[in-house]
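Take a look at the structure set out below.
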Amino acid sequence: MSETILEFDDNRRLVDLCGAHDRNLAVIEDRVGVTIVRRGNVLGLHGDQAPRDRASDILKALYARLEEGRGVEAGDVDAAIRMMKSDEQLHLFGAEKLEIRTRKRTIEPRTPGQKAYAHALLQRELVFGVGPAGTGKTYLAVAVGVAMLLEKRVDKIILSRPAVEAGERLGFLPGDMKEKIDPYLRPLYDALNDFYPGAKVEKLIEDGSVEVAPLAFMRGRTLSNAFIVLDEAQNTTEMQMRMFLTRMGENSRMVVTGDPSQVDLPRGVRSGLREALSILQGVEGVGVIELTDVDVVRHPLVARIVRAYARNDASAIEQAGRGS
């Protein structure tokens, strides 16, 4: 069997490249279709030529990250594997780097789509981030908001969601209004806790530097000097979306995230996100970034689930067209 030899000059970086118990190598072996044998500071790649070439490119790109002082986590390995046929792979993993610094960690986009999204968040006053679950739409938006707050480019962060979820209504849930609403806002708190120590998040909320609230609480306000994120925007009505977008005040940034394929509004109610994307197309100052299954950075199975549902939706549309 043919072999490709890769030799690495730094054993400590090689250990990080391989991962705990060679976990990263095992993932590459399984996903690319090669066998990797580790001998000291040498990796031997066995298998057909094309898979060996792809595995070699992935390992070299990941090692280049380590040489620049960047880490290699499971998500980085997965992203590199999924982008191994992309012309942007080496650019993303090797050369220019884009980092978002928060109090607890430094965040770096893992796919070309995420990189374009992060650039838009840093440069545009209003950004729409649309795409399936797991693409980092909300996570990156909150990270940029935290970074801007730390740099004093804004005075506060406002995170909001419409209180609409699959099949449930607030009135049927137990507890007072706060207890009813908090479960809908939990993902936003989770993102904040990734970027700040827990006690710090509570302090920021107490002093008004961070606000997490349902969309209905935005009515009648003018939001100035703020970084504002509207999450799950596919579940806004047309009137709610117009109300939200017109809250923007001086020196504010707005980010609207959502997945148009997962609308939980009552039948016959049009999504405000879909309408806004149509009406605001081409408007100066507005950025629209469409993320896809290629940008999914959760468990690899999530990307496969997203693709399966997309194929099913396309098939249903095609069958409906034939029947009409």
Side-chain angles (χ1 to χ4, degrees), residues 1-115 118 134-136 139-140 143 147 191 193-197 294-304:
M1 182 181 291
S2 299
E3 181 181 39
T4 298
I5 298 294
L6 298 180
E7 186 170 351
F8 300 92
D9 56 7
D10 189 317
N11 285 328
R12 191 170 297 177
R13 289 186 183 129
L14 179 58
V15 169
D16 292 336
L17 175 66
C18 296
H21 309 293
D22 290 346
R23 185 178 305 159
N24 294 343
L25 299 185
V27 171
I28 295 171
E29 285 181 322
D30 180 61
R31 300 274 298 281
V32 180
V34 295
T35 300
I36 304 176
V37 179
R38 181 178 171 186
R39 299 185 294 268
N41 67 330
V42 171
L43 296 180
L45 313 182
H46 300 268
D48 293 338
Q49 185 68 49
R52 280 190 286 122
D53 289 345
R54 289 197 292 270
S56 176
D57 288 343
I58 291 166
L59 289 164
K60 289 176 181 177
L62 292 171
Y63 190 77
R65 287 177 61 89
L66 294 167
E67 288 182 313
E68 294 182 354
R70 294 185 274 174
V72 170
E73 300 178 1
D76 300 312
V77 177
D78 178 63
I81 292 170
R82 285 187 285 110
M83 290 190 295
M84 60 191 170
K85 295 181 181 179
S86 168
D87 292 336
E88 296 192 52
Q89 179 190 347
L90 292 180
H91 172 71
L92 182 69
F93 280 85
E96 178 191 355
K97 60 181 178 181
L98 192 163
E99 295 180 337
I100 304 164
R101 298 184 182 277
T102 70
R103 186 60 60 85
K104 281 177 70 173
R105 61 177 63 189
T106 297
I107 310 303
E108 185 180 2
R110 288 176 171 170
T111 71
Q114 284 195 346
K115 195 168 189 179
T135 50
Y139 193 79
L140 285 172
N193 285 319
D194 252 16
F195 307 133
Y196 282 114
V294 174
D295 302 300
V296 173
V297 293
R298 289 183 186 168
H299 193 288
L301 182 56
V302 175
R304 295 197 290 273

Exercise. Checking side chain to side chain contact (heavy atoms under 4.5 Å, CB included) for the pair Asp16/Leu66: CA distance, chi angles, key distance, verdict?
Worked result: CA-CA 8 Å; Asp16 292 336; Leu66 294 167; 3.9 Å; yes
Exercise. So which heavy atom on Arg103 is nearest to which on Pro197, and how close?
Worked result: CG-CD, 4.0 Å
Problem set entry | Worked check of salt bridge (Lys or Arg N to Asp or Glu O under 4.0 Å) between Arg101 and Glu99 | CA-CA 6 Å; Arg101 298 184 182 277; Glu99 295 180 337; 2.9 Å; yes
For this session: Indicate the atoms forming the closest heavy-atom contact of Gly33 with Pro51, along with that distance.
Result: O-CB, 3.8 Å
Exercise. Ile107 and Ala143: which non-hydrogen atoms are nearest, and at how many Å?
Worked result: CG1-CB, 4.1 Å
Exercise. What distance do Leu45 atom CG and Leu6 atom CG have between them, rounded to the nearest 0.5 Å?
Worked result: 4.5 Å
For this session: Before giving the answer on side chain to side chain contact (heavy atoms under 4.5 Å, CB included), spell out for Asp9 and Asn41 the whole-Å C-alpha distance, their side-chain angles and the decisive distance to 0.1 Å.
Result: CA-CA 7 Å; Asp9 56 7; Asn41 67 330; 5.8 Å; no
For this session: Indicate yes or no: does Arg65 engage Glu73 in a salt bridge with an N to O separation below 4.0 Å.
Result: no
Problem set entry | Inter-residue atom distance Glu29.CD - Asp22.CG, 0.5 Å rounding | 8.5 Å
Exercise. Say you draw a straight line from CD of Glu108 to CG of Leu140; how long is it, rounded to the nearest 0.5 Å?
Worked result: 11.0 Å
Exercise. Ignoring hydrogens and geometry, is there a side-chain-to-backbone donor-acceptor pair from Arg38 to Leu43 under 3.5 Å?
Worked result: no
Exercise. Can you check whether Asn193's main-chain N or O pairs, donor with acceptor, with Lys104's side chain at less than 3.5 Å?
Worked result: yes
For this session: Inspect the surroundings of CZ in Arg39 and state if more than 12 heavy atoms from other residues, nucleotides or ligands are less than 6.0 Å away.
Result: yes
For this session: Give the minimum heavy-atom separation between Gly71 and Asp76, together with the two atoms involved.
Result: O-OD2, 3.6 Å
Seminar exercise, completed: When rounded to the nearest 0.5 Å, the distance separating CZ of Arg105 from CD1 of Ile100 is 12.5 Å
Seminar exercise, completed: Glu7 and Val42 have their tightest heavy-atom pair at CG-CG2, 4.0 Å
Exercise. For the side chain to side chain contact (heavy atoms under 4.5 Å, CB included) test, which of Asn24, Val77, Leu62 pairs with Leu17?
Worked result: Leu62
Problem set entry | Spacing of CD belonging to Gln49 relative to OG belonging to Ser56, to within rounding of 0.5 Å | 9.5 Å
For this session: Answer yes if the side chains of Tyr63 and Asp10 hold a donor-acceptor pair under 3.5 Å, and no otherwise.
Result: no
Exercise. Is there a side chain to side chain contact (heavy atoms under 4.5 Å, CB included) between Leu59 and Leu25 once you walk through the steps?
Worked result: CA-CA 9 Å; Leu59 289 164; Leu25 299 185; 3.9 Å; yes
For this session: Dump the intermediate steps for side chain to side chain contact (heavy atoms under 4.5 Å, CB included) on Ser2 and His46, then the final yes or no.
Result: CA-CA 6 Å; Ser2 299; His46 300 268; over 6 Å; no
Exercise. Got a donor-acceptor contact below 3.5 angstrom from the Glu3 side chain to the Gly44 backbone?
Worked result: no
Exercise. How about Asp295 and Thr111: does a side-chain donor come under 3.5 Å of a side-chain acceptor?
Worked result: yes
Exercise. Looking at CD1 of Ile28 and OG1 of Thr35, how far apart are the two atoms once the value is rounded to the nearest 0.5 Å?
Worked result: 12.5 Å
